[in-house]
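Worksheet for the structure shown next.
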Amino acid sequence: MGSHDVVVVGAGLAGLVATAELLDAGRRVLLLDAEPAASLGGQAWWSFGGLFLVGTPEQRRLGVHDSAELALADWYGSAAFADDGTDRWGRAWAEAFVHFAAGEMRAWLHARGVRWFPLVQWAERGGYLADGHGNSVPRFHITWGTGPAVLEPFVRTLLDAHADGRVEVRTRHRVTALVTTDGHVTGVRGDDLAPDPAPRGAPSTRRAVRAFEVAAPAVVVATGGIGADHDLVRAAWPAGAGRLPDRMLQGVPDHVDGSGIAAARDAGAHVAHADRMWHYPEGVADPSPVWSRHGVRILPGPSALWLDADGHRLPPPLFPGFDSLGALRHVTGRGDDHSWFVLDRTVLGAELALSGSDQNPDLTGRSVPALAQRVLPGAVGPVEEFARRSPDFVTAGTPAGLAAAMNALTGTDRVDGERLARTIEARDAQVATGLGKDLQVTATAMARRYVVDRLVRVAPPHRMLDPAHGPLHAVRLQVLTRKTLGGVATDLEGRVLRPDGEVLPGLWAVGEAAGFGGGGVHGHRALEGTFLGGCLFTGRTAGRALAATL
């Protein structure tokens with residue numbers, strides 16, 4: 001292809017959606033990505049495929065009453081946007097996204113063949129007052145086929161257009177700088193990297209073979225966040241939230257290094273809210289790692305006891321599944337590099353799930369028989385198998401034995417066996433009342449009022465020390481790097497803004513590189529299911545707006 005209307009940098013979900021919209025409008029696109037062709041789709045391929053949707057048929061069938069107004073109130077309560085103008089564009093993108101999630105989003109994806117698991121999940125429950133953080137109702141719609149199925153229609157569009165000669169795709173092309181002419185972005189330059197047979201997600205060589213430069217009227221940055229650069233993550237972490245530990249797990253492939261954000265900044269873009277991030281405190285080491293320091297996030301139900309590194313319960317409402325960032329800041333504020341889930345065999349089997357397409361072969365493979373195996377008596381599901389192989393899970397028949405195993409794993413004596421026994425006994429006494437004053441016990445009972453939680457997500461109330469539910473388990477939870485909430489500032493069309501608030505001509509940004517919209521659509525906290533949704537919405541919005549200008 002001799003000339004291009006647009007260069008899209010990054011072949012993850014946001015870049016693919018923007019490309020698809022441009023191709024549908026008849027524009028000529030060059031898509032560049034540093035990774036081998038095997039990694040097409042980027043980080044989204046590895047995701048659980050959860051989407052934040054509002055007022056859906058799936059919700060209504062489960063008796064969930066939702067609305068755009070309630071969802072936006074939840075968003076604002078979680079985001080805690082500043083009133084000084086610095087969150088102007090993030091707030092505008094949030095309002096637009098919520099109305100998209102309550103309006104066109106489901107029909108737009110459904111028309112492209114996307115379907116959803118019918119049991120809507122309740123992520124980020126919050127646990128604060130009505131105007132605080134958290135989802136008031138379940139909104140986490142798991143895509144049938146997980147992350148790969150979210151990508152599927154946009155990959156198909158790309159491959160069809162490539163076969164027809166309407167798009168050029170160059171993998172192993174790493175953009176290192178944006179070309180500017182008289183204050184306009186007019187192209188990109190970078191390195192043509194050596195071929196590498198690395199499988200999807202695995203580290204690939206950065207050995208440059210030659211330099212390249214491409215000119216185009218418009219450039220779209222879709223390169224993701226900073227989660228694989230731990231030094232950069234630590235440097236950006238807000239000082240008031242403690243210190244991120246020296247040892248962290250990584251929830252993203254090695255190529256998620258912030259290079260596109262840096263290139264945009266160097267070209268004159270405003271990068272907003274660099275200290276806002278969404279990392280997880282519930283990471284466990286993957287026993288079959290693909291990328292460096294590969295970790296997996298546990299998606300917990302509400303019953304497990306969450307203990308700090310000394311064996312004390314985290315304060316309310318930092319229960320499993322309620323406020324991930326709050327729990328992370330509690331851990332980092334103490335200066336710890338780990339915390340613990342303590343639970344029994346029944347809770348392990350009923351309530352722990354693992355995030356990621358690779359950890360859920362039944363959902364990813366769209367296999368109803370395999371999915372049914374999860375709920376059969378005696379069946380060994382993905383979590384149980386993972387627990388058997390992972391070094392972060394320990395098991396014992398008594399609290400004293402469990403404390404000894406926890407200390408052996410960390411090489412410390414921080415967890416006292418007698419105190420752990422008293423903690424579990426006190427919790428069990430509350431459950432035995434049938435009512436109780438313990439806020440986690442009452443929150444768990446309330447969760448079972450929702451039919452999905454009652455049927456498949458939350459174990460029936462029981463004493464953890466009842467031998468019928470044993471043995472006891474403890475899970476060492478490590479910090480897992482994941483999402484960048486800040487990013488390149490954009491207006492509501494995806495045009496990149498300079499520090500003075502004016503448009504930087506020729507440059508657009510989408511997805512995580514743009515803070516999922518406006519340089520920070522989530523504010524300080526996210527509601528889950530909004531990351532893939534943010535990539536879809538920013539890619540769609542910017543692709544359509546850009547196509548209309550060319």
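With respect to the salt-bridge test (charged N to carboxylate O, under 4.0 angstrom), the residues Glu152 and Arg366 qualify.
Between Pro253 and Val290, every side-chain heavy-atom pair lies at or beyond the 4.5 Å cut-off. Residues Val510 and Cys535 have side chains not in contact (no heavy-atom distance under 4.5 Å, counting atoms from C-beta outward).
Between the side chains of Asp254 and Ser292, at least one donor N or O lies within less than 3.5 Å of an accepting N or O. Side-chain contact annotation: Ser204 with Arg206, donor-acceptor N/O pair under 3.5 Å present. Under 3.5 Å, the side chains of Ser259 and Asp257 contain a donor-acceptor pair of N or O atoms. The closest side-chain donor-acceptor pair between Arg476 and Ser339, if any, does not fall under 3.5 angstrom. The closest side-chain donor-acceptor pair between Thr157 and Arg112, if any, does not fall under 3.5 angstrom. A donor-acceptor contact under 3.5 angstrom links the side chains of Glu528 and Trp278, judged on distance only. No side-chain donor-acceptor contact under 3.5 Å links Ser357 and Thr146. Between the side chains of Thr171 and Glu35, not a single donor N or O lies within less than 3.5 Å of an accepting N or O.
Between Trp93 and Phe516, the ring center distance fails the sub-6.0 Å criterion. Residues His141 and Phe52 keep their aromatic ring centres 6.0 Å or farther apart.
Side-chain N or O atoms of Ser47 include one that pairs as donor or acceptor with a backbone N or O of Ala44 at under 3.5 Å. In terms of modelled atom types and a separation under 3.5 Å, the side chain of Asp191 and the main chain of Leu193 share no donor-acceptor contact. Listed for the Asp87 side chain is a donor-acceptor partner under 3.5 Å among the backbone atoms of Ala82.
Once rounded to the nearest 0.5 Å, the distance linking CG of Leu30 with CD of Glu168 reads 5.0 Å.
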Could you pull out every donor-acceptor pair under 3.5 Å between side chains of residues 18-25 and any protein atom, sequence neighbours left out?
unit_1: Thr19; atom_1: OG1; unit_2: Gly15; atom_2: O; d: 2.8
unit_1: Glu21; atom_1: OE1; unit_2: Arg544; atom_2: NE; d: 2.9

### Audit row: His524, Phe81, side chain to side chain contact (heavy atoms under 4.5 Å, CB included) steps and yes/no
CA-CA 7 Å; His524 292 275; Phe81 288 126; over 6 Å; no
### Message
For a side chain to side chain contact (heavy atoms under 4.5 Å, CB included) check, start with the C-alpha distance between Val179 and Glu213, then their side-chain angles and the critical distance, and finish with the verdict.
### Response
CA-CA 8 Å; Val179 179; Glu213 184 170 325; 3.9 Å; yes
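Trp291 and Gln250 make their closest contact through NE1-O, 3.0 Å (heavy atoms, listed as atom of the first residue, atom of the second, distance).
Under the 6.0 Å distance and 45° angle rule, Arg139 does not count as a cation-pi partner of Trp122.
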